[in-house]
Protein chains: 2
Amino acid sequence: MAHKPRSEMIAETRAKLIAAARAAFGTVGYADASMDDFTAAAGLTRGALYHHFGDKKGLLQAVIAQIDAEMNERLRIVMQKAPTRWQGFIDESIAYIEMALEPEIQRIVLRDGPAVLGDPTSWPSQNACLRDMTENLRLLAEEGTIVATDPEATAQLIIGATLNASLWIAKAPDPEVTSKKAIQATKALLEGLLVASSSPRIEGGSPNIRGI
Amino acid sequence: MAHKPRSEMIAETRAKLIAAARAAFGTVGYADASMDDFTAAAGLTRGALYHHFGDKKGLLQAVIAQIDAEMNERLRIVMQKAPTRWQGFIDESIAYIEMALEPEIQRIVLRDGPAVLGDPTSWPSQNACLRDMTENLRLLAEEGTIVATDPEATAQLIIGATLNASLWIAKAPDPEVTSKKAIQATKALLEGLLVASSSPRIEGGSPNIRGI
DNA sequence: GGTAGATGCATACGCTGCGTATGTCAATGA
DNA sequence: TCATTGACATACGCAGCGTATGCATCTACC
């Protein structure tokens with residue numbers, strides 16, 4: 001068979017390295033993942049890694065970028081499906097909690113990432129998610145659904161809250177029950193932002209799209 | 001001069017190791033802190049470290065325990081000074097944001113700690129802080145000040161929110177302005193928990209004990 | 001289409017840093 | 001005073017990272 005074009009081979013190598021690293025980082029963690037081991041698992045050596053990503057950190061960045069892109073896409077879909085802006089906002093927060101329950105995301109993006117690469121708010125991908133929520137909050141305040149606060153600050157608070165909720169659920173002995181509690185509490189907290197006149201706190205909270 | 005009693009020498013050695021490690025972890029971070037270097041800085045060797053703390057992780061645990069004890073003490077004082085339970089709750093959250101701005105706390109407790117030792121909610125010291133806030137929320141709900149939600153879940157959300165706010169402030173180009181925004185938004189979010197009848201949202205929010 | 005240059009990736013080497021095994025000396029207690 | 005415990009240092013081995021170098025293959029230009 002004829003050889004594939006070089007650019008395609010390169011992309012494949014990069015993808016293999018990212019996939020192997022993602023698996024290793026997600027299971028044993030960044031610090032305990034041996035570059036020799038997981039490059040070998042991909043049928044390569046550290047030479048390829050250093051060539052493409054500079055160092056171990058560079059590879060972690062690439063892995064996180066990939067995962068983050070997937071997360072953003074999933075959140076985008078959730079938002080798109082929601083009937084109202086407010087409902088989309090609630091759904092997005094809950095979806096974020098659910099995603100952060102996945103061990104790979106927890107380990108790589110939420111734990112090792114910040115420790116190795118520094119503050120996540122300066123990552124390009126993370127900024128996309130934040131920007132979306134900020135804009136959403138701004139519009140919600142503008143249309144009078146929620147009280148007027150600094151939208152970016154509120155977005156930071158909400159992201160932090162949901163993130164921590166995920167970690168809490170993940171380590172809880174009964175994740176099912178804990179998850180319900182967390183989601184209920186999250187709704188209560190978010191509904192506190194509603195202006196009292198337009199949308200009083202509803203008994204039982206807003207409906208849950210996933211029945212969790 | 002006569003030698004100090006042995007137990008005193010031992011405590012001193014432990015204290016010196018913890019102090020040296022704390023300085024190293026707080027500046028260059030856990031991963032880049034060489035045990036040879038900071039034990040030497042304390043006038044000791046790795047032998048002492050392994051004898052007292054087992055390994056590098058054990059020393060990190062000890063450092064975190066020390067910092068956490070200091071944090072809890074500071075929070076306790078803030079709570080004690082507050083005129084009402086609700087005000088104490090607000091003040092505590094703000095104090096938490098302020099503390100998490102300190103580089104040493106951020107680096108050691110908030111970033112490296114979780115990455116190296118795993119979920120913070122399973123740390124004994126962290127649990128103390130959480131337990132206090134949970135109890136506080138339970139009482140606030142009981143006395144009818146805030147809406148009824150699962151107090152533990154809500155505490156987790158609030159801690160996560162404030163924690164993330166700190167990280168956000170720390171990396172912001174203008175921490176002063178950002179800090180004000182974050183604190184305002186935090187108050188708005190927390191005041192959303194108040195039951196509408198007893199304590200309507202007050203123009204300007206609750207007073208700020210530190211004038212930030 | 002043949003040759004020169006560039007580039008993807010492997011191999012080889014040195015260095016740093018952790019953990020353990022062993023040694024030594026001082027303090028305690030009978 | 002002597003035996004024993006325990007605090008701490010020293011010595012060694014090993015894993016893992018980063019770099020320098022080498023090789024083979026693809027592209028570019030004439």
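Every chain is numbered from 1 and lettered A, B, ... according to where its sequence line falls, protein lines coming before strand lines. These values consider heavy atoms only, across backbone and side chains, with no hydrogens, waters or symmetry-generated copies.
Residues satisfying the side chain to side chain donor-acceptor pair (under 3.5 Å) criterion with D132(B), sequence neighbours excluded, are absent altogether. Here K181(A) pairs with D150(B) under the salt bridge (Lys or Arg N to Asp or Glu O under 4.0 Å) rule; sequence neighbours left out. Residues passing the ring-ring contact (aromatic ring centres under 6.0 Å, His included) test with Y30(B) are F25(B), sequence neighbours excluded. Checked against side-chain contact (heavy atoms from CB on, under 4.5 Å), A155(B) has the following partners two or more places apart in sequence or in another chain: L130(B), M133(B), T134(B), L137(B).
Atom NZ of K56(B) is separated from atom C1' of dT20(C) by 17 Å (rounded to the nearest Å). Counting to the nearest Å, the P atom of dG6(D) and the CZ atom of R14(B) are 15 Å from each other. As a whole-Å value, the separation of M9(A) CE from dA24(D) C1' is 13 Å. Separating the CG atom of L59(B) from the C1' atom of dC18(C) is a distance of 14 Å, rounded to the nearest angstrom.
Using a 4.0 Å cut-off, no side-chain N or O of T13(B) falls inside it from OP1 or OP2 of dA7(D).
Between R22(A) and E70(A) there is a salt bridge, since at least one side-chain N of the basic residue sits less than 4.0 Å from a carboxylate O of the acidic one. Electrostatic pairing of R138(A) and E142(A) counts as a salt bridge here, judged by a charged N lying under 4.0 Å from a carboxylate O. With salt bridges taken as basic N to acidic carboxylate O contacts below 4.0 Å, one links R74(A) and E102(A).
Residues from residues 47-54 of chain A lying near DNA chain C, meaning a heavy-atom separation below 4.0 Å, are G47(A), A48(A), H51(A), H52(A) in numerical order. Annotation: proximity of residues 30-45 of chain B to DNA chain C (heavy atom, distance under 4.0 Å) is found for A33(B), S34(B), M35(B), numbered in ascending order.
Contact annotation: side chain of R46(B) to base of dG19(C), donor-acceptor pair present below 3.5 Å.
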message = Let's go through F89(B) and T145(B) carefully: what are the C-alpha distance in whole Å and the side-chain angles of both, what is the deciding distance for side-chain contact (heavy atoms from CB on, under 4.5 Å) to 0.1 Å, and is it a yes or a no?
response = CA-CA 12 Å; F89(B) 172 66; T145(B) 306; over 6 Å; no
